[in-house]
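Fair warning: this is a prediction, and the values are worked out from it, not measured in the lab. Values below: all heavy atoms of this structure, side chains included; hydrogens, waters and symmetry mates excluded. Whatever order the structure lists ligands and atoms in, that order sets their numbers, starting from 1. Residue numbers start at 1 and run along the sequence shown.
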Amino acid sequence: MHKEAFMVELVSLKDRTVVVTGAGQGIGEGITRLVIELGGNVVAVDRNEETLKKLGSELPAGRLMPAVADVSDPEAAQRVVAQAVERFERVDGLCNNAGITRPAMMDKMTVKDWRDVLDVHLSASFFWSQALGQHLIARAKAGDTKGGSIVNISSDAGRKGAIGQVNYAAAKAGILGVTMTTAREWGKYNIRANSICFGVVETPMTEVIRGDKFRDKILSQIPLGRWSTPDEVVKAVCFLLSDAASYVTGQHLGVNGGYHISL
Ligand code: NAP
């Protein structure tokens with residue numbers, strides 16, 4: 001095979017079906033668009049029906065299955081994965097991306113804000129991984145060797161803490177534990193699991209920290225000296241979903257302009 005064609009095929013997601021949570025806007029929307037551009041199908045999960053409808057009107061209907069669901073509902077995870085298998089015959093990948101923030105200093109944080117953030121990030125990552133894993137394991141036991149790939153969206157906050165966001169930092173650190181355990185338990189089924197730790201991406205979630213009050217201080221800590229766009233960072237997600245990462249599992253990839261650098 002010609003070298004160029006080989007490279008294209010490596011990152012191709014042709015005929016793969018990927019569940020993307022929080023697909024309605026921001027990074028999830030970018031992942032959805034790129035997976036489809038790389039030849040895949042997307043099960044686009046979001047609680048926001050309006051943004052999903054808009055996405056649906058812009059992407060090929062045969063390759064997109066919008067699913068309105070709250071990711072923190074374990075029954076929704078089971079239901080959507082079953083519907084996706086029915087529609088596309090198989091599901092090969094998952095990106096646990098949906099997220100919220102509920103900032104407050106530790107001494108003032110409410111129990112509700114603590115629980116809501118842990119539910120949407122940490123518990124949901126487990127619920128959706130479990131639902132997909134059960135499908136992939138059954139497939140593997142029936143002799144299918146293709147396996148699957150799970151990408152969990154974490155954050156630099158999960159590796160170094162974040163003032164005013166103990167709930168978010170704890171949830172994102174917990175996601176690293178889910179990733180490592182998934183990789184250890186399911187490697188034998190050729191199911192890979194990796195995390196991505198973003199720094200500051202230009203989405204509605206980061207409007208406040210990109211504003212005048214914090215901008216210069218944060219930018220001075222990013223070696224590349226700039227925020228990233230969603231389009232720039234979603235390439236790393238698709239790399240981990242693709243065969244180009246076939247021997248990569250249990251890892252935490254920083255996609256952050258160098259905001260957090262460690263061994
Ligand atoms: P975003 O623009 O706020 O998008 C998040 C999406 O998730 C929204 O469509 C949101 O719907 C949806 N969502 C929230 N809770 C949900 C739930 N319970 N069930 C289903 N969908 C739900 O955020 P983003 O910046 O793209 O962030 C995506 C991921 O990257 C998150 O996990 C975030 O923590 C992580 N991350 C982002 C950055 C960054 O700089 N942006 C940095 C590090 C990590 P609604 O519109 O209804 O809220």
Side-chain angles (χ1 to χ4, degrees), residues 19-34 42-56 66-77 79-80 94-103 112-113 115-128 150-162 165 167-176 178-179 195-211 214-215 218-219 221-222 224 226-234 236-237 252-257 259-260:
V19 177
V20 179
T21 72
Q25 67 172 43
I27 295 166
E29 179 187 348
I31 297 165
T32 299
R33 290 181 185 278
L34 188 55
V42 174
V43 180
V45 182
D46 206 289
R47 66 180 174 187
N48 188 329
E49 200 171 350
E50 290 312 307
T51 53
L52 276 189
K53 258 193 200 150
K54 185 169 175 289
L55 197 61
V68 179
D70 181 339
V71 290
S72 61
D73 173 2
E75 284 170 15
R79 186 181 65 244
V80 171
L94 163 68
C95 181
N96 281 307
N97 165 80
I100 56 169
T101 53
R102 297 287 181 269
K112 182 173 184 333
D113 283 352
R115 288 201 172 125
D116 283 353
V117 169
L118 264 89
D119 281 352
V120 171
H121 290 272
L122 181 56
S123 300
S125 294
F126 166 66
F127 297 149
W128 289 78
I150 297 173
V151 180
N152 294 318
I153 302 303
S154 179
S155 166
D156 282 350
R159 300 210 276 191
K160 58 183 187 179
Q165 299 222 53
N167 46 4
Y168 185 80
K172 291 304 199 188
I175 283 175
L176 305 181
V178 173
T179 298
S195 302
I196 291 194
C197 298
F198 292 131
V200 184
V201 187
E202 289 166 346
T203 70
M205 184 180 277
T206 55
E207 262 164 24
V208 174
I209 60 167
R210 286 184 286 112
F214 302 106
R215 183 190 164 84
I218 297 178
L219 278 178
Q221 295 167 38
I222 302 176
L224 288 184
R226 59 180 174 81
W227 324 120
S228 61
T229 61
D231 285 353
E232 186 172 21
V233 296
V234 300
V237 177
H252 316 310
L253 178 61
V255 181
N256 54 17
Y259 192 23
H260 176 71

Show me which atoms of ligand 1 lie under 4.0 Å from any heavy atom of [X].
X: G26; answer: 2 (O), 26 (O)
X: V200; answer: 40 (O)
X: S155; answer: 43 (C), 44 (C)
X: V120; answer: 15 (N), 18 (N)
X: I100; answer: 14 (C), 15 (N)
X: H121; answer: 32 (O), 34 (O)

Heavy-atom distance under 4.5 Å between the side chains of [X] and [Y], does that happen here?
X: C197; Y: R159; answer: yes
X: I218; Y: R210; answer: no
X: T203; Y: P230; answer: yes
X: V234; Y: I27; answer: yes
X: V45; Y: V80; answer: yes
X: N96; Y: I175; answer: no
X: Q165; Y: K172; answer: no
X: W227; Y: T206; answer: no

Short N or O distance, [X] and ligand 1, threshold 3.5 Å exclusive:
X: I27; answer: yes
X: Q25; answer: yes
X: D70; answer: yes
X: Y168; answer: yes

Taking non-hydrogen atoms only, is [X] closer than 4.0 angstrom to ligand 1 via side chain, backbone, both or neither?
X: A69; answer: backbone
X: V71; answer: both
X: C197; answer: neither
X: K172; answer: side chain
X: V201; answer: both
X: N97; answer: both
X: T203; answer: side chain

### Task
Verify side chain to side chain contact (heavy atoms under 4.5 Å, CB included) between W128 and N97, making sure each step is shown before the conclusion.
CA-CA 11 Å; W128 289 78; N97 165 80; over 6 Å; no
### Query
So, E29 and K54, do they make that salt bridge, N to O below 4.0 Å?
no
### Query
Could R115 and D119 be called an ion pair, given the rule that one side-chain N must be under 4.0 Å from one carboxylate O?
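D119 and R115: not salt-bridged.
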Give the minimum heavy-atom separation between [X] and [Y], together with the two atoms involved.
X: G158; Y: A173; result: O-CB, 3.3 Å
X: I100; Y: D116; result: CD1-O, 3.8 Å
X: A69; Y: R79; result: CB-NH2, 4.5 Å
X: V71; Y: F127; result: O-CD1, 4.2 Å

Please state which protein non-hydrogen atom is closest to [atom] and give its distance, to 0.1 Å?
atom: atom 7 (O) of ligand 1; value: G22 CA, 3.4 Å
atom: atom 46 (O) of ligand 1; value: N48 ND2, 3.6 Å
atom: atom 5 (C) of ligand 1; value: G99 O, 3.8 Å
atom: atom 9 (O) of ligand 1; value: D46 OD2, 2.7 Å
atom: atom 23 (O) of ligand 1; value: M205 CE, 3.6 Å
atom: atom 43 (C) of ligand 1; value: F198 CB, 3.4 Å

### Task
May I have the step-by-step check of side chain to side chain donor-acceptor pair (under 3.5 Å) for T179 and S195, ending in yes or no?
CA-CA 6 Å; T179 298; S195 302; 2.6 Å; yes
I'd like to know if [X] contacts ligand 1, where contact means a heavy-atom distance under 4.0 Å to any ligand atom.
X: T51; value: no
X: G199; value: yes
X: S154; value: yes
X: E202; value: no

### Task
Could you tell me whether E75 atom CD has more than 12 heavy atoms of other residues or ligands within 6.0 Å of it?
no
### Summary
Min over R47, E50, Q165, R210 of heavy-atom distance to atom 13 (N) of ligand 1 lands on R47
### Query
Counting heavy atoms only, which of V117, I153, D119 is nearest atom 30 (O) of ligand 1?
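Checking each option, the heavy atom nearest atom 30 (O) of ligand 1 is found in I153.
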